[in-house]
Amino acid sequence: MSSESDSDERDPMRARYEELAELAGSLAHEIKNPLSVIHMNIDLLSEDLSEIESPSSRRCLDRVDIVRGQCERMEGLLRDFLRYTRLTDIDLVSGSLNDQIENVLRAYQAQADADDIDIEKYLDADLPAIKLHSDSLQSALMNLVKNALEAMDRGGQLWARTYTTRGGVALDLIDSGSGVDDNTVMHMFEPFYSTKEGGSGLGLPTARKIIEAHGGRISVQSEVGRGTKFTLQFPVPKRLG
């Protein structure tokens, strides 16, 4: 009896949340259009001013560059926000978690080589298949790998390990980077929380949302000066028959 009552209470709340999320996404889209026009006209104004040789035009150009930079920052924020709000139900098909992380690490190999970072892979060859959406899952993994590489600006190591668990499969991503404090760990999955200058604070929340849409979960451990470990866990579909 109480479970039915709880369900009745949650459904209106969920509907209200979805309505607000849709409204927020629509508002962000409406802001994006005039912002693009402003950005385009700032570029045109910059071209006009560059043809004028005077101290005042140079000062104006400096101010135009500031406005352009803020436009680009806002466009990036809106882009990340729209990606976050649009992620709802996704169609999952059977696939390999190993293949997903292999593709992502391959995409970042050149950056790792340039930054003197060793990538070590320990992928279980007998890993069971999971239900996944390739594009969105790779987007989440790319965010995690990118963050790991950026945390190691003077060389280091990144380990990727897959293995079976009691209820499914898991992936560990471990870096030897700068690590973060406990307060950052507590808040890093909150929307708009960021320790990066100019960061939108939506990368990790979006990654978590994608992983949860796969029926999975993500956890993190970190120690300042030693590195960070993200663990992603996914369920394995039950076999029929």
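Computed from a predicted model, the values in this text were never measured in an experiment.
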Donor-acceptor contact present, side-chain His214 to main-chain Leu137, <3.5 Å: no
Polar side-chain atom of Ser94 near backbone of Lys131 as donor-acceptor pair, under 3.5 Å: no
When you check the side-chain N and O atoms of Asp172 and Tyr122, is any donor under 3.5 Å from an acceptor? no
Point-to-point distance, once rounded to the nearest 0.5 Å, from CG of Leu105 to CE of Met142: 10.5 Å
Point-to-point distance, once rounded to the nearest 0.5 Å, from CZ of Phe234 to CG of Leu127: 10.5 Å
Among Thr228, Asp175, Asp181, exactly one meets side chain to side chain donor-acceptor pair (under 3.5 Å) together with Ser222. Which residue is that? Thr228
Rounded to the nearest 0.5 Å, what separates atom CG in Leu232 from atom CG in Leu141? 6.5 Å
Glu102 bridged to Lys121 by N-O distance under 4.0 Å: yes
In Å and rounded to the nearest 0.5 Å, what is the CD1 to OG distance from Ile130 to Ser96? 8.0 Å
Do the side chains of Val145 and Ile174 join up, straight or via other hydrophobic residues, at under 4.5 Å, putting them in one cluster? no
So how far is it from Asp113 CG to Gln111 CD, rounded to the nearest 0.5 Å? 10.0 Å
To the nearest 0.5 Å, how far apart are CE in Met152 and CG in Asp118? 9.5 Å
Determine, step by step, whether Asp124 and Thr162 satisfy the side chain to side chain donor-acceptor pair (under 3.5 Å) criterion, reporting the C-alpha distance in whole Å, the side-chain angles of both residues, the deciding distance to 0.1 Å, and the verdict. CA-CA 6 Å; Asp124 184 352; Thr162 59; over 6 Å; no
Report whether Ile101 and Trp159 are members of the same hydrophobic cluster (ILVMFWY, side-chain heavy atoms less than 4.5 Å apart, transitive linking). no
